[in-house]
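Positions are given from 1 along the sequence.
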Amino acid sequence: MARNIGSRYTAHQILGRGSAGTVWLGEGPEGPVAIKLLREDLASDQELVGRFVQERTALLGLDHPRVVAVRDLVVDGNDLALVMDLVRGTDLRTRLDRERRLAPEAAVAITADVADGLAAAHAAGVVHRDVKPENILLDMEGPLGPGGAHPALLTDFGVAKLIDTPGRTKATRIIGTPDYLAPEIVEGLPPRAAVDIYALATVLYELLAGFTPFGGGHPGAVLRRHVTETVVPLPGIPEELWQLIVQCLAKAPASRLRASELAARLRDVLPLLAGIPPLDVDEPDAEPAPETQEEDPYPTRAEGSAPRRAAVPLVPGASPDSNRDTHTSMRVPAPDELAGGPLGTARAPRPAGARRPGSARHKAEAVRKRRITLSIAAVVVIGALGAGGYLATAGDSDAPPQDSKTSSQPQEP
């Protein structure tokens, strides 16, 4: 059923839904448009509405062929909406769900397009903060590029920043999607342009492998991996491409490429990828091994081993959750949680057969060992006191004569 959005636009049908709102196919004075209608609870937040209006100039001024342009911002009663260009196509997540992974040439061509869009945004002082396949649209009416890739456009600029208001989140919360969050965001630093590069490199890895490098399982476990683990190599791609991915997934933001540099270097490696089929990569296990769940809620992984798709959660007892919702609010892990021990140290592996600290069997065994230890200590102390008194008496020449009972004991030669 059609509904009016402000005085200039009419929404006709729903195109898609997300955690931030609903996208409608609409009509405006200049023809068809896409209207992203934010959730009612967001529209009722006066502080957010104020920020929405403040961001109007920045969002409307972002004009680039690889960015879905925002034409208008509507604040009308309970309606808070972004009016955007209509892209005739689908999002990258839908294509991934259908094909699982793409040929390297197509994956790199799509990533280069998005990097171009990010370069323009960063030059204008705008950080996306939520780069992921759901926010990358493929224009099915545009000319095909390398590997048969459709032109890619980045959408939803400014939404993460709009929602991340002081009244809605706290300093100990994280705004974003766990699989694509840069380590510096996990550690509580403000998001800069480098966070978009990290997220885009994660998307490229996912396009090639069919899974993200650090994703799977409880969101807290995903966050920890971003900070502590190294990316697992992908076989079957040129070394030049792999080094680009590694550099853009660097833990230190300053080590990553700029968006314009990434776009140029991706296009430089495109000729090396012609004809390479989608990679044959084993996807990580869907569930962790039962013995791992029993023994350790915070398992460490050997360097170079494949990541688990459903890792054991940071919070013992929590069920695994492949959380891909936009703008998920999560607690920032403490340093010892991220490192698995004291800050900057690695936890030594537990010997085979040893009980997990904190388990019921571990506690019972600890009590039994403590009782045995105390008993032995008591015997040793009593024996030591008796022997000490005897030696002191026997070795003192000025000691008084002993009675017959004491003197009858054998003397030390």
Side-chain angles (χ1 to χ4, degrees), residues 89-116 131-138 144-152 154 177-182 197-217 222 225-226 229-250 256-257 262-288 301-311 322 324:
T90 186
D91 62 70
L92 188 55
R93 171 62 64 201
T94 300
R95 181 171 178 182
L96 271 177
D97 288 343
R98 183 176 66 249
E99 301 181 25
R100 189 179 180 189
R101 56 178 67 96
L102 307 185
E105 188 178 15
V108 168
I110 290 172
T111 306
D113 281 352
V114 178
D116 283 337
V131 177
K132 60 182 180 180
E134 288 85 345
N135 287 335
I136 298 172
L137 302 183
L138 302 178
L144 295 180
H150 294 279
L154 191 56
T177 307
D179 282 20
Y180 309 92
L181 282 177
I197 302 302
Y198 184 93
L200 183 56
T202 301
V203 171
L204 175 55
Y205 188 103
E206 184 177 14
L207 295 179
L208 295 169
F211 51 86
T212 55
F214 304 115
V222 176
R225 290 188 213 116
H226 282 298
E229 296 193 2
T230 57
V231 61
V232 178
L234 290 177
I237 60 175
E239 181 65 18
E240 294 87 343
L241 176 57
W242 176 244
Q243 289 305 320
L244 280 179
I245 295 174
V246 170
Q247 185 172 0
C248 293
L249 288 176
R256 300 172 203 149
L257 295 173
L262 176 58
R265 292 181 61 178
L266 285 173
R267 291 194 168 91
D268 286 342
V269 303
L270 272 173
L272 304 176
L273 306 175
I276 299 180
L279 304 184
D280 184 12
V281 183
D282 291 333
E283 188 164 356
D285 295 337
E287 296 293 339
R301 193 171 80 224
E303 185 173 352
S305 64
R308 287 178 296 274
R309 193 60 185 152
S322 295
R324 293 181 180 272

Trainee: With distance as the sole test, does Thr212 use its side chain to make a donor-acceptor pair with the main-chain N or O of Gly215 at under 3.5 Å?
Mentor: yes

Trainee: Does any donor atom in the side chain of Asp91 or Thr94 lie under 3.5 Å from an acceptor atom in the other side chain?
Mentor: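 Note: Asp91 and Thr94 side chains meet the donor-acceptor criterion.
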
Trainee: How would you list, by chain and number, every residue that makes a salt bridge (charged side-chain N to carboxylate O under 4.0 Å, His left out) with Glu99, sequence neighbours excluded?
Mentor: Arg95

Trainee: So Pro213 and Thr202, do their side chains get closer than 4.5 Å, heavy atoms only?
Mentor: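 The answer is yes, as the side chains (C-beta and beyond) meet within the 4.5 Å cut-off.
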
Trainee: Could you check whether any side-chain heavy atom of Val203 comes within less than 4.5 Å of a side-chain heavy atom of Leu92, counting everything from C-beta outward?
Mentor: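 With C-beta onward as the side chain, the pair touches.
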
Trainee: Tell me, do Pro151 and Leu138 make a side-chain contact under 4.5 Å, heavy atoms counted?
Mentor: no

Trainee: For a side-chain contact (heavy atoms from CB on, under 4.5 Å) check, start with the C-alpha distance between Leu137 and Leu154, then their side-chain angles and the critical distance, and finish with the verdict.
Mentor: CA-CA 6 Å; Leu137 302 183; Leu154 191 56; over 6 Å; no

Trainee: Do Lys132 and Asp179 have side chains that get closer than 4.5 Å, going by heavy atoms?
Mentor: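 Not touching, per the 4.5 Å side-chain cut-off.
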
Trainee: Please evaluate residues Glu206 and Arg100 with respect to the criterion salt bridge (charged side-chain N to carboxylate O under 4.0 Å, His left out), reporting the C-alpha separation (whole Å), side-chain torsions for both, the decisive distance (0.1 Å), and the verdict.
Mentor: CA-CA 9 Å; Glu206 184 177 14; Arg100 189 179 180 189; over 6 Å; no

Trainee: Under a 4.5 Å cut-off applied to non-hydrogen side-chain atoms, are Val231 and Trp242 in contact?
Mentor: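 Touching, per the 4.5 Å side-chain cut-off.
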
Trainee: Starting from the C-alpha separation in whole Å, work towards a yes-or-no answer on side-chain contact (heavy atoms from CB on, under 4.5 Å) for Leu244 and Leu204.
Mentor: CA-CA 10 Å; Leu244 280 179; Leu204 175 55; over 6 Å; no

Trainee: Ring-plane angle category for Phe214 and Tyr198, please: parallel below 30°, perpendicular beyond 60°, tilted otherwise.
Mentor: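 Ring orientation, 0 to 90° scale: parallel.
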
Trainee: Indicate whether any N or O donor in one side chain lies under 3.5 Å from an N or O acceptor in the other, for Glu239 and Gln243.
Mentor: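 A donor-acceptor contact under 3.5 Å links the two side chains.
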
Trainee: Kindly write out the residues that satisfy side chain to side chain contact (heavy atoms under 4.5 Å, CB included) with Ala103, not counting sequence neighbours, or none if the list is empty.
Mentor: Pro278

Trainee: Do Pro235 and Leu279 have side chains that get closer than 4.5 Å, going by heavy atoms?
Mentor: no

Trainee: Determine the minimum heavy-atom distance between Ala201 and Cys248, stating which atoms define it.
Mentor: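 Shortest heavy-atom contact: CB-CB, 3.6 Å.
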
Trainee: Are any side-chain N or O atoms of His150 and backbone N or O atoms of Leu144, one a donor and one an acceptor, separated by less than 3.5 Å?
Mentor: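 It does not hold such a pair.
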
Trainee: Using only atom types and a distance under 3.5 Å, with no angle test, would you say the side chain of Arg101 pairs donor to acceptor with the backbone of Leu96?
Mentor: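 Not at all, since once roles are kept as given, no pair shorter than 3.5 Å links the two residues.
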
Trainee: Other residues, nucleotides and ligands only: do more than 12 of their heavy atoms fall within 6.0 Å of CG on Asp280?
Mentor: no

Trainee: Indicate the atoms forming the closest heavy-atom contact of Pro146 with Ala109, along with that distance.
Mentor: O-CB, 3.8 Å

Trainee: Just so I know, are the side chains of Phe211 and Val281 near enough to count as touching, which here means a heavy-atom distance under 4.5 Å?
Mentor: yes

Trainee: The criterion is salt bridge (charged side-chain N to carboxylate O under 4.0 Å, His left out); which residues satisfy it with Arg267, sequence neighbours excluded?
Mentor: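 Arg267 satisfies salt bridge (charged side-chain N to carboxylate O under 4.0 Å, His left out) with Asp113, Asp116 once adjacent residues are dropped.
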
